[in-house]
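Reviewing the structure listed below.
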Amino acid sequence: MQRRTLLRGVLGATALGAAGGCASMTGTLIAPDSATVAAAEAARRRPGRSVVTARLRASASEIDLGGRTVATWAYDEQVPGPLLRARAGDLLRVAVDNRLPASTSVHWHGLALRNDMDGVPGVTQDPIDPSGSFTYEFTAPDPGTYFYHPHSGVQLDRGLYGVLVVDDPGEAAAYDDEWVVVLDDWIDGTGTTPDAVLDELLRSGGSMMGSMGGSHAASGGSDLIGHGGDVTHAAYLINGRTPEAPSAFLGRPGQRIRLRVVNAAADTAFRVALGQHELTVTHSDGFPVEPVATDAVLIGMGERYDVVVTLGDGVFPLVACAEGKGSAALAVVRTGGGEAPPATSQPRELTGRVLLGTDLLVAESVRLPKRTVDRRLDLRLGGSMMRYRWTINGRTFADSEPLQLRQGERVAVRIANATMMFHPMHLHGHTFALRDGGARKDTVTVRPMETLEVELDADNPGQWAAHCHNLYHAEAGMMTTLSYRA
Ligand code: C2O
Ligand code: CU
């Protein structure tokens, strides 16, 4: 079987005139500003669509996280940034004013948008210089829960992130209300910055990893993903608030609420549960799944889950445990009288049924049709414990070999994690399908030593980043590009 797969892969490559290796593929690179990309965008245009305009101002800001004020960088001086909302098929026109002391960019995480608006400096656009502006304009083709953040260094680990909800005009809402829940690990303005932490990791890699691993080991690590992360954050937040001064969601008993949960953290997977409630997962990374009941969900960095709950009567802790790190974020759900739950609440649901993205089954409506695979690509995830260096196929981003493909192909990607850390792997511009009827996703948490295979249709031409959504891993090399060739 393995041999047959291998042969098919080689034959496929030969038929296309490429002798196996990526570098040898013929044809020209499809640039973000090419006619091919413009044509793909034109095909998304729908008659009668609306234009949604917004303006985001990125600046240095003082933010109150709840009893603690930090100096950080934020959009419109709020954390999370403004909620953006459109309907599927709408044109978004978002002007970004950079008032930061550094160049920046905005990436629209999860959207199958036009390549030249994907917001990756050096790949799809020039950075937005300090005091400069850039207007992003693109069609949002698919409904779902998305988010936006810079694709510049570790800026996302400051307060620069916000949620983008794309509504489905055809959806009959099976819920009464909707709450957006954004998870984050916080470090900026607490005596250090993400840039300082990254520098320190890169400088003293091995020893730093050792000591940090030690502190996490004290918390027991995680039975699901092992080592929790590389950075010890000062606080964990839900919607920009610490457990000591949490955000509150108000509802009525019996209401059905759709929670849109987004993990905007840099280095932390969260295990999310609502005390005394069962969660029904309905969507993952924006796309519908076969609804499934669970007590808790594990959500890696960059992943989104939509879950529906039927509210009980009382006051309940909504807890996001920093997986393997021995700490948590908290919000309060209130539908009746009662005392607020303590900041350290640990509802028993956290240790009940815990669902991972790889457990989900796709909803029929978004199942990727069966098709013969035209091309097989490999993403081998590696790391070195001696230096702080994370790799894809043995290389860091600086000298990575792009994964090449052609428009129209069905592509299978094998993601093999050869490290003892988990990696939430994210692909820009596409929503792949997990094998055997698994969910459609754009970010998948790959556990230590796990191998996953995903399939996608190469239907969005351009140059697309593919990377680990642990920001520190990505900055230390764990990034490559998916490169369309003509
Ligand atoms: Cu949210 Cu390239 O990532
Ligand atoms: Cu990683």
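One is the number of the first residue; the rest follow in order along the sequence. In listed order, ligands and their atoms are each counted from 1.
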When you measure from the side chain of Asp285 to the backbone N and O of Asp442, does any donor-acceptor pair fall under 3.5 Å?
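Flag set: sc Asp285 to bb Asp442 pair under 3.5 Å.
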Got more than 12 heavy atoms from elsewhere within 6.0 Å of CZ, Arg87?
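Check fails, neighbour count at 12 or below.
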At a cut-off of 2.8 Å, what protein N/O/S atoms sit near atom 1 (Cu) of ligand 1?
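The answer, once waters are left aside, is His109 ND1, His149 NE2, His469 NE2.
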Beyond-backbone contact of [X] with [Y], side-chain heavy atoms, under 4.5 angstrom:
{"X": "Val308", "Y": "Ile257", "answer": "no"}
{"X": "His430", "Y": "Leu482", "answer": "yes"}
{"X": "Leu452", "Y": "Val446", "answer": "yes"}

Can you say whether the rings of His428 and His107 are parallel (under 30°), tilted (30 to 60°) or perpendicular (over 60°)?
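Rings of His428 and His107: parallel, under 30°.
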Give the ring-plane orientation class for His109 versus Phe147, where under 30° counts as parallel, over 60° as perpendicular and anything between as tilted.
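Plane angle between 30° and 60°, so tilted.
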Name whichever N, O or S atom of His423 ends up nearest to the Cu ion (ligand 2).
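It is ND1, the N, O or S atom of His423 closest to the Cu ion (ligand 2).
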Restricting to N, O or S atoms of His473, which is nearest to the Cu ion (ligand 2)?
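For His473, the N, O or S atom at the smallest distance from the Cu ion (ligand 2) is ND1.
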Under 2.8 Å from the Cu ion (ligand 2), is there any N, O or S atom belonging to His469?
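No, since none of the N, O or S atoms of His469 sits under 2.8 Å from the Cu ion (ligand 2).
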